[in-house]
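Data block below; observations after.
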Amino acid sequence: MAQILTALYLLAMLAAGWRLFSVDWSRGVKVVSAVALVCPIPLLVLIPGVLHPERPFAGLLQSIGVALLICGLLCMGGGASAAWLRSRRK
C-alpha cells in the first residue's frame, strides 16, 4: 500500500509540474506554487521524526521524508522540463 501511495504521489508531482509550468504565470509564482505542492506530504513524515528523535524509527521517518522531498522535487522538475521542451518545439 505504501508503495502505491508513493508512486501516486510522484506521478501527481510529475503531472503537476507539467501543468504548472505550462500556465502563463511569472516564474516566481510558479516556483512558490511548486514548493507548496511538493512539501506537505514529505513534511507529514519528516516532522514527527525531527520533533521526537528519541522514539523508535525516527531515523527511518527522517530518511523517508527527505527521500520523498527530493524525489517530489525531481518529479516536479521533470514535469516542468517536459512542458518547457514541448512548448519549445511548437
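Sequential numbering from 1 along the given sequence is applied to the chain's residues.
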Give the other cluster members for I4, using side-chain heavy-atom distances under 4.5 Å between Ile, Leu, Val, Met, Phe, Trp and Tyr residues; answer none if it is isolated. L8
In the hydrophobic cluster built from side-chain contacts under 4.5 Å, what are the other members alongside V35? none
Pairs touching residues 24-41 that satisfy side-chain hydrogen bond (donor to acceptor under 3.5 Å, both in side chains), sequence neighbours left out: none
side-chain hydrogen bond (donor to acceptor under 3.5 Å, both in side chains): which pairs involve residues 3-17, sequence neighbours left out? none
When clusters are formed by joining ILVMFWY residues with side-chain heavy atoms under 4.5 Å apart, either directly or through shared neighbours, do L20 and V23 land in the same one? yes
So if you build clusters from Ile, Leu, Val, Met, Phe, Trp, Tyr with side-chain heavy-atom gaps below 4.5 Å, do V38 and L10 land together? yes
Result block: side-chain N/O donor-acceptor pairs under 3.5 angstrom for residues 44-65, not counting sequence neighbours:
| from | atom 1 | to | atom 2 | distance (Å) |
| --- | --- | --- | --- | --- |
| Q62 | NE2 | G49 | O | 2.8 |
| S63 | OG | G59 | O | 3.0 |

Over all heavy atoms of both residues, which pair between P40 and A36 is shortest? Give the atoms and the distance, please. CD-O, 3.2 Å
Between CG on residue L69 and CG on residue L43, distance to nearest 0.5 Å: 6.5 Å
Check: residues 72-83 side-chain donor-acceptor pairs under 3.5 Å, at least two apart:
| from | atom 1 | to | atom 2 | distance (Å) |
| --- | --- | --- | --- | --- |
| S81 | OG | G77 | O | 3.3 |
| S81 | OG | G78 | O | 2.9 |

Hits for side chain to side chain donor-acceptor pair (under 3.5 Å) against R19, two or more places apart or cross-chain, chain-then-number order -> S22
